[in-house]
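Working notes, beginning with the structure itself.
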Number of protein chains: 2
Amino acid sequence: MATLDALNPSPNSSAAELSELEVGVIDFFVSAVKVLGFPKSIGEIYGMLFVSSDPLPLDTLVDRLRMSKGSASQGLKFLRTFGAVKAVYQPGDRRDHFTAELELKRLTAGFLREQIQPRLDHGEERLGRLSHLTAQLSQDAVGEFQRERVQKLERWSARSREVMPLLGSLLE
Amino acid sequence: MATLDALNPSPNSSAAELSELEVGVIDFFVSAVKVLGFPKSIGEIYGMLFVSSDPLPLDTLVDRLRMSKGSASQGLKFLRTFGAVKAVYQPGDRRDHFTAELELKRLTAGFLREQIQPRLDHGEERLGRLSHLTAQLSQDAVGEFQRERVQKLERWSARSREVMPLLGSLLE
DNA sequence: GATTTTGTTCAAGAAAAAATGAACAAAATA
DNA sequence: TATTTTGTTCATTTTTTCTTGAACAAAATC
């Protein structure tokens, strides 16, 4: 292979250093996903795909971001679960290639569906149990107070559920 | 003091075990604040104040939640910065007493103001620098592509800023 | 069917975040 | 002014979360 290498000064082009702009965009997303409570690697992957004009395979992410294969694999899996990243068929290459989803509305919808909905559901289950508990509370002022507080939580929960779909329409 | 202790079977009433309902409510808030990216102790404190009919001083939080004084102090400070907890004057007690803010709209406003706004501001600064960088990009397809992507980020950022105040009105 | 390529999983290590508790400061009380 | 009460700060420890890399599986290629 030595001879072929000589013909190509940068045999592994996918490992090229990131440009200043690329670093900036990736960094922007690293901060952004931290707000959502996701790990840095998620921001790096999405950011890299976002600045890249072509779909990229896992290898390239590993090389250019200097990230382990494990992180890249898990990160892509996670991003796919809520449609932030799509697999794109590349003719003549059997590796999967990925691009970033660019519609803010879809990204939001995926986030709400995968991250928020399940927690709201879980919260409602808990509230159901709490509500049941309040029935056994004493009939004095403290008991009455606590019953009211649990009711307030139920109103909050219901309100949150109503607001969620509205968020999507705000981004229309 | 031994004689007085004998008269009072539970001298430190603030250390009473949490009731099942109290544990449930506190647990609910611990999960809730995790969604927002806050530590457990924040949820414990807010939850405890939320189920308590009377304003509580720091000591009581430390005793009942079995939490260090440091955590309680820092947690209360944090909660006060965005108005989730208010100090209430208690006649005849020189300690500060705290209650939970109960208006969902105010809580949201505080969260947006203290947590989201600063990050949006910071993000815009970064985008300013990135936008400046794009001016120096090559005039080829890749350069054009990257300029467009940075513009897209700027639109996202502007949109996010527009949506924020609307969130408040949704909760009205 | 052996080999290479591609991607996943998961135990262990590394890094980041949170909690602790002791030292300190400030203010009230004695 | 000395002492006690109340609350804060911050270096250290603990806990939690993230990343790594090696072992493994699946599928394509030889």
B/Leu102 versus A/Lys152, closest heavy-atom pair with distance: O-NZ, 3.9 Å

Sequence neighbours excluded - ring pair (Phe, Tyr, Trp, His ring centres under 6.0 Å) pairs with any residue from residues 117-172 of chain B: A/Phe50-B/Trp156

Residues in contact with DNA chain D, drawn from residues 31-40 of chain A - heavy-atom cutoff 4.0 Å: A/Pro39, A/Lys40

Ring pair (Phe, Tyr, Trp, His ring centres under 6.0 Å) partners of residues 71-105 of chain B, not counting sequence neighbours, each pair once: B/Phe38-B/Phe78, B/Phe38-B/Phe82, B/Phe78-B/Phe82

Hydrophobic cluster identity match, A/Val62 and A/Val23, side-chain contacts under 4.5 Å: yes

DNA chain D-proximal residues of residues 78-95 of chain A, any heavy atom under 4.0 Å: A/Arg94

Run the side-chain donor-acceptor check on residues 28-35 of chain B: report pairs under 3.5 Å with partners two or more places apart or on a different chain.
| unit_1 | atom_1 | unit_2 | atom_2 | d |
| --- | --- | --- | --- | --- |
| B/Ser31 | OG | A/Arg126 | NH1 | 3.3 |
| B/Ser31 | OG | A/Arg126 | NH2 | 3.3 |
| B/Ser31 | OG | B/Asp27 | O | 3.3 |

Whole-Å distance separating the NZ atom of A/Lys69 from the P atom of C/dA11: 18 Å

May I have the list of side-chain donor-acceptor pairs in residues 161-169 of chain B shorter than 3.5 Å, sequence neighbours left out?
| unit_1 | atom_1 | unit_2 | atom_2 | d |
| --- | --- | --- | --- | --- |
| B/Arg161 | NE | B/Glu124 | OE2 | 2.6 |
| B/Arg161 | NH1 | B/Gln117 | OE1 | 3.2 |
| B/Arg161 | NH1 | B/Asp121 | OD1 | 3.4 |
| B/Arg161 | NH2 | B/Asp121 | OD1 | 2.6 |
| B/Arg161 | NH2 | B/Glu124 | OE2 | 3.4 |
| B/Ser169 | OG | B/Leu166 | O | 2.7 |

Summary of salt bridge (Lys or Arg N to Asp or Glu O under 4.0 Å) pairs that have at least one residue in residues 78-87 of chain A, sequence neighbours excluded: A/Lys86-A/Glu101

Partners passing side-chain hydrogen bond (donor to acceptor under 3.5 Å, both in side chains) against A/Ser73 (at least two apart in sequence or in another chain): none

Residues from residues 43-50 of chain A lying under 4.0 Å of DNA chain C - heavy atoms: none

Distance below 4.0 Å between B/Ser68 side-chain N/O and C/dG21 OP1 or OP2: no

Heavy-atom pair of closest approach, residues B/Ser131 and B/Glu154: CB-OE2, 3.4 Å

Test side-chain hydrogen bond (donor to acceptor under 3.5 Å, both in side chains) applied to B/Gln74 - qualifying residues, sequence neighbours left out: none

Heavy-atom pair of closest approach, residues A/Glu44 and A/Ile26: CA-CG2, 3.8 Å

Sugar-phosphate only, base, or nothing, as touched by A/Ser71 at under 4.0 Å among non-hydrogen atoms: base

Common cluster, A/Leu56/B/Val142, ILVMFWY with side-chain heavy-atom separation under 4.5 Å: no

Nucleotides bounding contact with chain B, strand DNA chain D, heavy-atom threshold 4.0 Å: D/dT5 to D/dC10

Partner residues of B/Arg147 under the side-chain hydrogen bond (donor to acceptor under 3.5 Å, both in side chains) criterion, sequence neighbours left out: B/Glu144

